[in-house]
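A quick note: this is a predicted structure, and the numbers were derived from the prediction, not measured. Residue numbers start at 1 and run along the sequence shown.
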Amino acid sequence: MAAGPERPVAEAQRQDREQPPPENGFMPLEQTQAPRLLQHVDGSVLPSLGGFGKHQKQLVVLTWIPALFIGFSQFSDYFLLAQPKGTCVQPLVNGSNWTVGSLKLPLTATNGDIGKPVPYSGGMECECKEWKLELQTGLSQNVVTKWNLVCDSAWKVHIAKFSFLVGSIFGYLVMGVVADWFGRQPVLIVSVLFMLVFGLSVAFSFNVTMFSTLRFFEGFCLAGLTLSLYVLRIELCLPGWRFSMTMVASFLMVGGQLVMPGVAALCRDWADQDDWQVLQIMIICPFILMLPYVWIFPESLRWLLATQHYGCSKAMMLRIARKNQVDMTTELSGILAELEHELHKKPKRTCIIKMTSTRNFWKNIVVLCVNSLTGYGIHHCFARSMMDPEAPVSAMFNADYYTMAGIAVATCLALCPAVAFMGRRGGLLTFMIVTALASLLQLGLLNLIGKYSLRHDTVLRDTLNRKFSVAFSIIGMFSSHAVSTLSIFFCAEITPTVIRGGGLGLVLASAGFGMLTAPIMELHNQKGYFLHHMILAACTLLCIICLLLLPEPRNQPLPESLVDGESYTRQPLLTHRPGEQHLLLTKPGDRDLYSRVHDTPLRLTATGGATAAAATALAAVPTSYAYATGGEVISNSMVEIGVGESL
């Protein structure tokens with residue numbers, strides 16, 4: 001009697017062992033029996049909790065407030081590490097005093113003779129005992145003037161900029177994984193606490209080495225703060241609110257960039273000496289306002305459900321329902337009943353490394369990483385082309401800083417209608433095409449104008465080249481900034497909740513690598529600048545092709561699991577017109593008929609027998625009749641020969 005029940009079990013185990021290995025080297029994603037309602041956060045859970053109600057709106061506003069402070073920190077290098085205008089008070093050789101700017105030495109007087117301009121870098125001959133350094137950026141003293149980081153010590157300034165960006169890159173990568181593993185709220189709180197510690201310590205640095213080291217950790221904590229707020233904001237919103245709420249935060253960050261010169265001027269009025277330390281303290285102290293977030297900012301409900309923290313999810317749902325004044329006896333009855341059945345399950349976390357087991361999702365992340373890197377990298381190339389190398393220090397700073405801020409504002413204003421009209425993928429593709437055209441025209445058209453059109457009139461040629469260069473640079477900075485902003489938002493929408501922190505961290509880290517091109521080029525005194533611009537211009541052409549592979553996430557629910565993320569497939573750029581037959585199988589039932597077709601011609605031949613007969617029967621069916629019946633002939637033929645299910 002005991003042998004009866006064991007026989008089916010043994011037969012099932014034997015069939016499992018005899019199943020063929022997966023083709024193409026891809027292992028299928030783990031399929032688990034997920035709850036029916038809890039896995040649809042945008043479609044079931046949040047609408048039952050009042051949609052985008054009072055609770056969600058208050059938390060989104062709390063994510064906006066730090067955006068202004070983040071803008072202060074991200075653009076502090078323009079003031080703390082600004083290059084001064086220097087005058088040699090006591091030269092090593094006899095002669096008149098001479099003056100240096102941030103990029104070039106003006107005319108140098110030595111023994112009554114006029115010398116030629118020499119680049120202001122570590123390789124210049126700075127035969128001077130005492131310098132008089134004057135800042136043109138609102139402060140009376142900064143790191144460069146305090147420790148005389150000029151001439152042979154100028155490379156330390158670039159290392160200080162480099163350390164902040166490298167710290168940000170590591171912060172995005174590490175904190176993204178931690179946010180997926182332990183939650184968004186712990187990363188937010190830890191980042192705020194250590195941001196206060198390291199940020200305030202920077203103000204009390206006693207040498208440039210200490211300053212650069214502490215700036216590395218400040219950048220690390222700032223990255224964790226930025227990433228956690230971005231993810232929390234996205235996960236709080238329904239599909240129709242995600243982009244608008246993100247753009248408000250972007251406006252506030254640009255507002256911080258615009259306010260920074262005024263803050264620097266206030267610091268100069270309050271402190272005659274060491275006003276850069278006062279500026280650093282004023283940048284960091286507003287983060288003290290985020291300390292109450294430990295109690296008032298909860299964990300992301302979407303992350304709790306995706307990682308099966310159902311006990312905490314239940315308490316969070318009840319809290320949100322009370323805040324949004326939702327009737328829990330009617331609206332939440334089905335969700336809470338389903339949640340009760342799932343309370344026994346243990347939490348399940350996923351690492352970003354699991355992305356490598358997918359077939360499509362990892363390609364989308366790679367495409368967005370390349371887009372983000374290219375956008376931020378080529379943005380510096382356009383900014384460098386727009387600057388006049390003969391302009392004085394103050395004029396160059398004003399042109400660089402305020403032009404970038406104005407372009408950032410214009411980009412945010414243009415993104416809203418562009419994305420609303422063309423969608424995420426269409427908008428990203430359009431701005432990338434504009435970036436590529438501006439870059440190629442700037443690199444190629446200007447040389448053709450000078451070579452063939454105006455060979456004799458050199459003055460008019462130089463003037464025309466300069467005007468075209470500035471125009472293309474402004475257009476390129478505008479479009480490349482849009483590409484970078486949209487790539488980051490695109491990644492947050494298509495990345496599953498279980499690994500959204502890690503995926504967004506990869507794209508933000510790629511953006512950091514693009515920003516690194518600026519201090520690297522300055523460190524090498526702009527050598528290889530044209531080749532650098534050419535490589536990034538070629539990358540824009542590659543990105544245009546790869547962008548066609550991305551899906552369109554507009555008005556779509558956020559994916560929660562890796563299976564949901566893998567199901568995001570590419571849709572056509574052009575919408576389907578009424579009456580146009582764009583698919584062979586138009587009815588959902590006909591499309592599902594072929595959902596299990598997986599045998600290749602090679603396997604059809606190898607299996608022989610019934611499979612070969614099936615192939616013969618398929619070949620014998622008239623094509624026109626098969627189209628006319630919508631696939632029913634194929635199904636009936638398979639049933640007649642007994643192999644319909646195998647096909």
Side-chain angles (χ1 to χ4, degrees), residues 71-87 99-106 119-122 124 126 131-165 199 202-203 205 207-208 211-212 214-215 218-219 256-284 380 383-384 386-405 515-516 518-523 525-526:
F72 291 161
S73 297
Q74 287 184 342
F75 296 96
S76 59
D77 278 351
Y78 284 90
F79 301 88
L80 299 178
L81 299 171
Q83 293 288 355
K85 177 182 179 182
T87 302
T99 306
V100 298
S102 64
L103 290 177
K104 287 195 174 182
L105 282 171
Y120 179 55
S121 65
M124 65 173 289
C126 293
W131 288 97
K132 181 181 179 182
L133 302 176
E134 298 178 359
L135 287 171
Q136 309 292 324
T137 57
L139 295 175
S140 60
Q141 186 187 63
N142 68 353
V143 175
V144 180
T145 60
K146 181 178 179 63
W147 293 308
N148 291 323
L149 303 181
V150 296
C151 296
D152 293 338
S153 298
W155 61 273
K156 297 179 182 179
V157 178
H158 306 304
I159 296 300
K161 297 179 181 179
F162 192 83
S163 63
F164 183 80
L165 291 175
V202 168
S205 302
N207 57 36
V208 67
F211 177 85
S212 300
L214 291 175
R215 287 283 285 178
E218 182 186 353
Q257 180 182 359
L258 292 171
V259 172
M260 270 296 291
V263 177
L266 289 176
C267 294
R268 181 188 58 192
D269 296 336
W270 290 347
D272 295 335
Q273 296 294 329
D274 295 334
D275 51 352
W276 71 271
Q277 295 175 316
V278 178
L279 176 62
Q280 176 66 17
I281 293 174
M282 289 188 63
I283 290 173
I284 299 300
H380 167 69
R384 176 67 179 83
M386 188 179 61
M387 297 299 104
D388 186 2
E390 302 297 334
V393 180
S394 58
M396 288 196 62
F397 171 80
N398 293 334
D400 188 8
Y401 190 84
Y402 291 109
T403 302
M404 288 180 60
M515 295 179 189
L516 275 179
I520 290 176
M521 292 300 296
E522 292 174 359
L523 185 61
N525 197 26
Q526 304 298 337

Distance in Å, [X] [atom1] paired with [Y] [atom2], rounded so as to fall on 0.5 Å steps:
{"X": "Gln74", "Y": "Leu165", "atom1": "CD", "atom2": "CG", "value": "10.0 Å"}
{"X": "Leu516", "Y": "Phe164", "atom1": "CG", "atom2": "CZ", "value": "11.5 Å"}
{"X": "Lys161", "Y": "Tyr78", "atom1": "NZ", "atom2": "OH", "value": "8.0 Å"}
{"X": "Gln277", "Y": "Leu80", "atom1": "CD", "atom2": "CG", "value": "10.5 Å"}

Provide the closest heavy-atom pair for [X] versus [Y] in the form atom of the first, atom of the second, distance.
{"X": "Leu279", "Y": "Met260", "answer": "CD1-CE, 4.2 Å"}
{"X": "Val202", "Y": "Glu218", "answer": "CG2-OE1, 3.6 Å"}
{"X": "Val144", "Y": "Ala82", "answer": "CG2-O, 3.6 Å"}
{"X": "Leu149", "Y": "Lys156", "answer": "CD2-CD, 4.1 Å"}
{"X": "Ser163", "Y": "Ser212", "answer": "OG-O, 3.1 Å"}
{"X": "Gly199", "Y": "Gln280", "answer": "O-NE2, 3.1 Å"}

With a 4.5 Å heavy-atom cut-off, do Phe79 and Pro261 have their side chains touching? yes

Under the side-chain hydrogen bond (donor to acceptor under 3.5 Å, both in side chains) rule, collect the residues that match up with Ser73, sequence neighbours excluded. none

For side chain to side chain contact (heavy atoms under 4.5 Å, CB included), just list the numbers for Phe211 and Leu81, CA-CA rounded to whole Å, side-chain angles, deciding distance to a tenth of an Å, and then say yes or no. CA-CA 11 Å; Phe211 177 85; Leu81 299 171; 3.9 Å; yes

